[in-house]
K.L.:
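Before we start, here is the structure in question, set down as structure tokens.
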Amino acid sequence: MPGRSGSRQLIWLAGGLLMVLTTLAASLWWWLLADLPSPAELRRRAGPDTTRLYDRQGRLLYEVLDPNAGRRTIVPLSDIPLALQQATIATEDAAFYTHPGVDALGLARALWINLQGGEVVVGGSTITQQLVRACLLPAEERGERTLRRKVREAILALRLTSQYSKDEILELYLNQVYYGHLAYGVEAAAQVYFGKPVRDLDLAECALLAGLPQSPAVYDPLMDLPRAQARQRVVLDLMRKQGYITTQQAELAAAEPLHLAPERTRVAIEAPHFAMYVVSQLEALYGTDRVLQGNLRVYTTLDLDAQHTAEAIVQRHLRCLAEPDPARGLPAGHHVTDAAVVALDPRTGEVLVMVGSPDYFDPQIAGAVNVALSPRQPGSAIKPFTYATAFQHGLTPATVFYDVRSSFTTREGEPYVPQNYDREFHGPVSLRTALGSSLNVVAVQVLDRAGIPAMIATAQEMGIHTFTDADRYGLALTLGGGEVRLLELTSAYGVFATGGIRHEPVCITRIEDAAGRVLYQHEPSPGRRVLPATVAYLITDILADDRARLPGFGEGSLLNLSHPAAAKTGTTTDWRDNWTVGYTPELVVGVWTGNADNSPMIQVSGITGAAPIWHDAVSYTHLRAHETPEHLVCRLLL
């Protein structure tokens, strides 16, 4: 009996021990492995591409950065220089191509040191483990310095190596690792630090980048270049020890001067006002979160070459207006600090140029304000819409009005006596001459005849949406008494250019996701007729008639080009705004000059402020469309 009892006790003891071991194993499994993600989720969890904007030729304009996610542009391993791949391996994981995802010797050494210290004080992580930590482990676990996290990380690294090739892992790592300054991945880092694509980096630049992930803040070349260069030399020496480069190559790379990107290049934005306008359209279409989450490729209508030229023209003419003008008694210049330009194709509505200010980054002139979208008073640039309305109600360019002192009664019962710009009266004049020479008195008479509601209806049909309630305006509306936006005014002039056909302004032609699937495609339309062709022709014929401009502008003004074009200027009575808007059948360009703070300019009219910019911008575009590049360069230099 005792023997049988002892056997039962042994069985019970063995069973109990098995249960304990099973429980411990289950607990250990749960503690380590229960919530581990699948390696198959790696690509889904890897950070997405940022949303990027391109011009009509596919050139990058802007990368939309999520302030919580940073800049990121995914590139294939084939676009990453071999030197950068080798520098990264030599620095982060010399045995990368030989171990199964975990470096056993390095891990054992790290575990021994960490067990002695009671916490994780040595990493020993391979490239694969770092990728696991960044993309697969929960965010709250990544920063833990515990044995559990290290073991889970190692298990996932082993699984990852069994499902992905070494090159795939390296590609994912190089596209995810953080390099500082909100740059995730080597392409973003190359743009931030050197202002160029990663494929164009040389050995010295590759070594600098490869040294950053260990501590981007400590080795930041933009903050402490000598320390970054010391780290670069460490990387080059590691590459030499691994046989990737020779001693001579290492020495030459270490001695190479580093040309870091200037601050404005690091912002990586072209045509900033246009780019911000497109981003606002994207947010209206998809919501802010979707735009910031990235993976959108947005192709726009902007012509970057024309944009750069317009920006240069604006800056050059503003410098001229800032120079002393002794002939007019202006030792400090004309006080003109701001200008805006919009150019579009009237046949499609595609916006080709949008300059919102001379310098987006200059806070002294409120440069970030996009004046192309800001309501401003148009002066006489609004008059063609008054005449277009009148021509639809029986008047013609040959109709004669009397340019004499005239008094009108306002809605409040007060007398209103308009004055011409030259403070003179010109007697009987045809409407052709009155519009061509921008005579104010006749323009008010014409609006009084046509009616304010009818004129507002015409302007709205043609694309000016700031004119709303007719009861708000008086007869001074035809002299610029209401506010308009340069983009809308320029687009509305496009109706004259097309013979009465309206095309809404278009900035986006196509949107794709990162896989190339088309999410949006702009479909060109025939437009909508909003003005009789005869009326559009009459307005164009007048605005292109230099003889009709003689009384107001003299012969051979800046509104005359080497090719036919129609144009109109505008100046407010207090010198706060001046304009020139004009067009050919293929192009319409609008220009505003003034000051963003609404302070008045000094003796600057539309013909002296906005017209020179308009003249040069239209001339450049015409030359570019009709002459060879070599001939164009010669003409522009002359």
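Note that these values count all heavy atoms, side chains included, but never hydrogens, waters or copies made by symmetry. Just so you know, these numbers come straight off a predicted model, no measurement behind them.
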K.L.:
Identify the two heavy atoms, one from A275 and one from L53, that lie closest to each other, and give their separation to 0.1 Å.
P.N.:
O-CD2, 3.6 Å

K.L.:
I'd like to know if the side chain of W579 reaches the main chain of T572, judged simply by a donor and an acceptor atom lying under 3.5 Å from each other, with no hydrogens or angles considered.
P.N.:
no

K.L.:
Output the distance between atom OH (Y54) and atom CG (L302), rounded to the nearest 0.5 Å.
P.N.:
15.0 Å

K.L.:
Report yes or no: do S357 and D338 form a side-chain donor-acceptor pair below 3.5 Å?
P.N.:
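The criterion, which ignores hydrogens and geometry beyond distance, is not satisfied for D338 and S357.
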
K.L.:
For residues H393 and A454, report the shortest heavy-atom separation together with the two atoms involved.
P.N.:
CE1-CB, 4.4 Å

K.L.:
Taking C-beta and beyond as the side chain, do I613 and V589 meet within less than 4.5 Å on heavy atoms?
P.N.:
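Sidechains of V589 and I613: no contact.
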
K.L.:
Using modelled atom types and a 3.5 Å cut-off, is there a donor and acceptor pairing between side-chain atoms of T301 and backbone atoms of V351?
P.N.:
yes

K.L.:
Report yes if the side chains of L435 and V446 come closer than 4.5 Å at any heavy-atom pair, otherwise no.
P.N.:
no

K.L.:
Here's a test for you: under side chain to side chain contact (heavy atoms under 4.5 Å, CB included), which of Q57, R56, R59 qualifies with D305?
P.N.:
R59

K.L.:
Is the backbone of D513 close enough, under 3.5 Å, to the side chain of N295 for a donor and an acceptor to pair up by distance?
P.N.:
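No, the answer is negative, given that no donor and acceptor are paired below the 3.5 Å cut-off.
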
K.L.:
When you compare the side chains of S599 and H335, does any donor N or O come within less than 3.5 Å of an acceptor on the partner?
P.N.:
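A pair is found: one side chain offers a donor N or O, the other an acceptor, under 3.5 Å apart.
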
K.L.:
Any salt bridge linking R528 with E461? Criterion: basic side-chain nitrogen under 4.0 Å from a carboxylate oxygen.
P.N.:
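Looking at E461 together with R528, the answer is yes, because their closest N to O distance falls below 4.0 Å.
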
K.L.:
Okay, side chain of R529, backbone of G499: is any donor-acceptor separation there less than 3.5 Å?
P.N.:
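It does hold such a pair.
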
K.L.:
Would you find a donor on one side and an acceptor on the other, under 3.5 Å apart, between the side chain of Q392 and the backbone of A388?
P.N.:
yes

K.L.:
Would you check, one step at a time, whether the test side-chain contact (heavy atoms from CB on, under 4.5 Å) holds for V75 with I80?
P.N.:
CA-CA 7 Å; V75 292; I80 301 173; 3.9 Å; yes

K.L.:
Over all heavy atoms of both residues, which pair between V484 and P378 is shortest? Give the atoms and the distance, please.
P.N.:
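Looking at all heavy atoms of both residues, the shortest contact is CG2-CB, 3.6 Å.
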
K.L.:
Is any side-chain heavy atom of I511 closer than 4.5 Å to a side-chain heavy atom of Y286?
P.N.:
yes

K.L.:
So does P76 get a backbone contact from the side chain of E171, meaning a donor-acceptor N/O pair under 3.5 Å?
P.N.:
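Side chain of E171 to backbone of P76: no pair is present.
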
K.L.:
So for atom CZ, which belongs to R510, do other residues, nucleotides or ligands contribute more than 12 heavy atoms lying within a distance under 6.0 Å?
P.N.:
yes

K.L.:
Holding to ring-ring contact (aromatic ring centres under 6.0 Å, His included), I want the full list of residues that pass it with F274, two or more places apart in sequence or in another chain.
P.N.:
none

K.L.:
If we count only N and O atoms by modelled type, under 3.5 Å, do the side chains of S438 and K568 hold a donor and an acceptor together?
P.N.:
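Per modelled atom types, S438 and K568 side chains form a pair under 3.5 Å.
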
K.L.:
Between D55 and L304, is there a donor-acceptor pair closer than 3.5 Å when you use the side chain of the first and the backbone of the second?
P.N.:
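Yes; judged by distance alone, with no hydrogens or angles, the pair exists.
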
K.L.:
Regarding E311 and Q315, is there a side-chain donor-to-acceptor distance under 3.5 Å anywhere?
P.N.:
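Result is no, nothing qualifies.
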
K.L.:
L60 and E270: which non-hydrogen atoms are nearest, and at how many Å?
P.N.:
O-CG, 3.9 Å

K.L.:
Could I get the full list of side chain to side chain contact (heavy atoms under 4.5 Å, CB included) partners for A611, not counting sequence neighbours?
P.N.:
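Residues passing side chain to side chain contact (heavy atoms under 4.5 Å, CB included) with A611: L558, L559, T580, I607.
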
K.L.:
More than 12 non-hydrogen atoms from neighbouring residues, nucleotides or ligands closer than 6.0 Å to OH on Y537, yes or no?
P.N.:
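Counting other residues, nucleotides and ligands, OH of Y537 stays at 12 neighbours or fewer.
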
K.L.:
Measuring from atom CG of L447 to atom CD1 of I456, what distance do you get when rounded to the nearest 0.5 angstrom?
P.N.:
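L447 CG to I456 CD1: 8.5 Å, rounded to 0.5 Å.
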
K.L.:
T348 versus P524: any side-chain heavy-atom pair under 4.5 Å?
P.N.:
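No. Closest side-chain heavy atoms not under 4.5 Å.
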
K.L.:
Could you tell me whether a side-chain N or O of E488 sits under 3.5 Å from a main-chain N or O of H465, the two making a donor and an acceptor?
P.N.:
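At least one qualifying donor-acceptor pair exists.
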
K.L.:
Report yes if some heavy atom in the side chain of V298 is under 4.5 Å from a heavy atom in the side chain of Y62; otherwise report no.
P.N.:
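Of all side-chain heavy-atom pairs linking Y62 with V298, none is under 4.5 Å.
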
K.L.:
Taking all non-hydrogen atoms of both residues into account, name the closest pair between M276 and Y360 and its distance.
P.N.:
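Between these two residues, the closest heavy atoms are CG-OH, 3.6 Å.
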
K.L.:
Does F385 have its ring centroid less than 6.0 Å away from the ring centroid of Y493?
P.N.:
yes

K.L.:
Do Y193 side-chain atoms and Y179 backbone N/O form a donor-acceptor pair below 3.5 Å?
P.N.:
yes

K.L.:
Might you work through the side-chain contact (heavy atoms from CB on, under 4.5 Å) test for L538 and D541, ending with a clear yes or no?
P.N.:
CA-CA 5 Å; L538 292 175; D541 190 56; 5.7 Å; no

K.L.:
Please report the shortest heavy-atom distance between Q377 and D577, naming the atom on each side.
P.N.:
O-CB, 3.4 Å

K.L.:
If we only count heavy atoms from C-beta on, is the L373 to H273 side-chain gap below 4.5 Å?
P.N.:
no

K.L.:
Please identify which of these residues, H503, R502, E504, meets the side chain to side chain donor-acceptor pair (under 3.5 Å) condition with S491.
P.N.:
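The single option meeting the side chain to side chain donor-acceptor pair (under 3.5 Å) with S491 is R502.
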
K.L.:
Under a plain distance cut-off of 3.5 Å, with no hydrogens placed, do S605 and N578 share a side-chain donor-acceptor pair?
P.N.:
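N578 vs S605: no donor-acceptor pair found between side chains.
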
K.L.:
For residues E205 and H259, is any side-chain donor paired with an opposing acceptor at under 3.5 Å?
P.N.:
no

K.L.:
Ignoring hydrogens and angles, tell me if any N or O in the side chain of T51 forms a donor-acceptor pair with the backbone of V64 under 3.5 Å.
P.N.:
no

